[in-house]
Amino acid sequence: MSTADELVVTHDEQAHRWEGRLDGRVVALADYVPRDGAIAMVHTEVDPAHEHQGLATKVVDAALLDARARGLKVVPACSFVRLHLRRHAEEYADVL
């Protein structure tokens, strides 16, 4: 099992972010700013000790799926989110 498979992603609505946790510790996150019927995804971050393990991708995918389930559009203000959406344009076209 990879580290990304062990990552538990949760949504913290108060903090406006999705958090990825390993052993209860936040090691990846995606911050957003709520807008009317949308969210602007403004920042992603991964603990340097866990870079290049696919954790940001897993957190962003969870955020995009959650936005879809809530009927929200996504504004990709973060460069990582923009790149991810470009790479998966067909999969997430409905949330843009």
Cluster link [X] to [Y], ILVMFWY, side chain under 4.5 Å:
X: Leu96; Y: Tyr32; result: yes
X: Val60; Y: Leu83; result: no
X: Phe80; Y: Leu64; result: yes
X: Leu65; Y: Val95; result: yes
X: Leu72; Y: Val9; result: yes

[Y] and [X], any side-chain heavy atoms less than 4.5 Å apart:
X: His43; Y: Leu29; result: yes
X: Leu7; Y: His50; result: no
X: Val59; Y: Thr44; result: no

Tell me whether the rings of His84 and His88 are parallel (<30°), tilted (30 to 60°) or perpendicular (>60°).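 It falls in the tilted class, 30° to 60°.
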
Kindly compute the distance separating NE2 (His16) from NE2 (His11), expressed to the nearest 0.5 Å.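 Separation between the atoms: 7.5 Å.
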
Does any N or O in the side chain of [X] come within less than 3.5 Å of the main-chain N or O of [Y], such that one atom is a donor and the other an acceptor?
X: Asp47; Y: Ala49; value: yes
X: Arg82; Y: Pro76; value: yes
X: Lys73; Y: Ala40; value: no

Indicate the atoms forming the closest heavy-atom contact of [X] with [Y], along with that distance.
X: Lys58; Y: Asp5; value: NZ-O, 3.8 Å
X: Met41; Y: Ala63; value: CE-CB, 3.7 Å
X: Ala28; Y: Leu55; value: CB-CB, 4.1 Å
X: Glu91; Y: Arg68; value: O-NH2, 2.6 Å

